[in-house]
Amino acid sequence: MSTQSQAPRPAGPTQAPVPEPSGVDLARVALRAAKEQAKARGAAAQQKKQARRGGGLRSGARADGRDPLPLGAAINRLITERGWEAPAAVGGVMGRWPQIVGEDLAKHCVPLRYDEDPDERVLTVQCDSTAWATQLRLLAPRLVARLNEDLGHGTVRHIRVLGPGGPRRGYGPLRAPGSTGAGDTYG
């Protein structure tokens, strides 16, 4: 017989024996425990350093999400996040209108608005005379190509040219008292 003593088993339902970790499993458990301890020591040391410096979260030598951005980079990021690339680019065109179309045409034709609807993408331009409106209508295909070259393909599909508007009427209707309209003058 053997001289080894056996541990008494508890009375009750029998449980499946849990295997003891051995070999590679034991090494993994030890490595995980060592990593957790090192992480805890590092965090504690970092907290002590921050407490000595005045506490609080601080940015380190490397860039992270809390670092301040230059104004231009912050605006570019906002434009990209909100999907405002095309309207912002067209707004830039309105500011550079004389350089794009030339000084002569810019003196007589002014961009009014841009319809950014994906089906439309129309730049509306108003001219101060019908002669300049006709000139711009003739130049419209070349101007659309030039704008798309600057802004990206398909940003402007069409240029709507408006002629000069009549003077703004700040006074009432243009009728003689008692008249019934245009028909009574020629009748």
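From a predicted model like this one, the values you see are computed outputs, not experimental measurements.
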I'd like to know if the side chain of Q126 reaches the main chain of V161, judged simply by a donor and an acceptor atom lying under 3.5 Å from each other, with no hydrogens or angles considered. no

Taking all non-hydrogen atoms of both residues into account, name the closest pair between C109 and C127 and its distance. SG-SG, 2.8 Å

Residues forming a side chain to side chain contact (heavy atoms under 4.5 Å, CB included) with L69, sequence neighbours excluded: A74, R77

Under the ring pair (Phe, Tyr, Trp, His ring centres under 6.0 Å) definition, can you give me all pairs with a residue in residues 87-107, not counting sequence neighbours? none

Under the side chain to side chain contact (heavy atoms under 4.5 Å, CB included) rule, collect the residues that match up with L139, sequence neighbours excluded. L105, Q135, R142

Determine whether L136 and L143 make a side-chain contact, defined as any pair of heavy atoms from C-beta on separated by less than 4.5 Å. yes

Can you list everything that forms a side chain to side chain contact (heavy atoms under 4.5 Å, CB included) with P98? Sequence neighbours excluded, please. E103, A106

Residues that, via side-chain heavy atoms closer than 4.5 angstrom, fall in one hydrophobic cluster with L112: L162

Interatomic distance, H158 atom NE2 to L123 atom CG [nearest 0.5 angstrom]: 10.0 Å

Scan for side chain to side chain donor-acceptor pair (under 3.5 Å) pairs involving residues 104-113, sequence neighbours excluded, and state none if there are none. H108-D128, H108-W132

Taking V122's backbone N and O only, do any of them form a donor-acceptor pair with R160's side chain (distance below 3.5 Å, no angle check)? no

Does the side chain of I159 reach to within under 4.5 Å of the side chain of V144, using non-hydrogen atoms? yes

Non-hydrogen atoms of R146 and Q99 that approach each other most closely: NH2-O, 4.0 Å

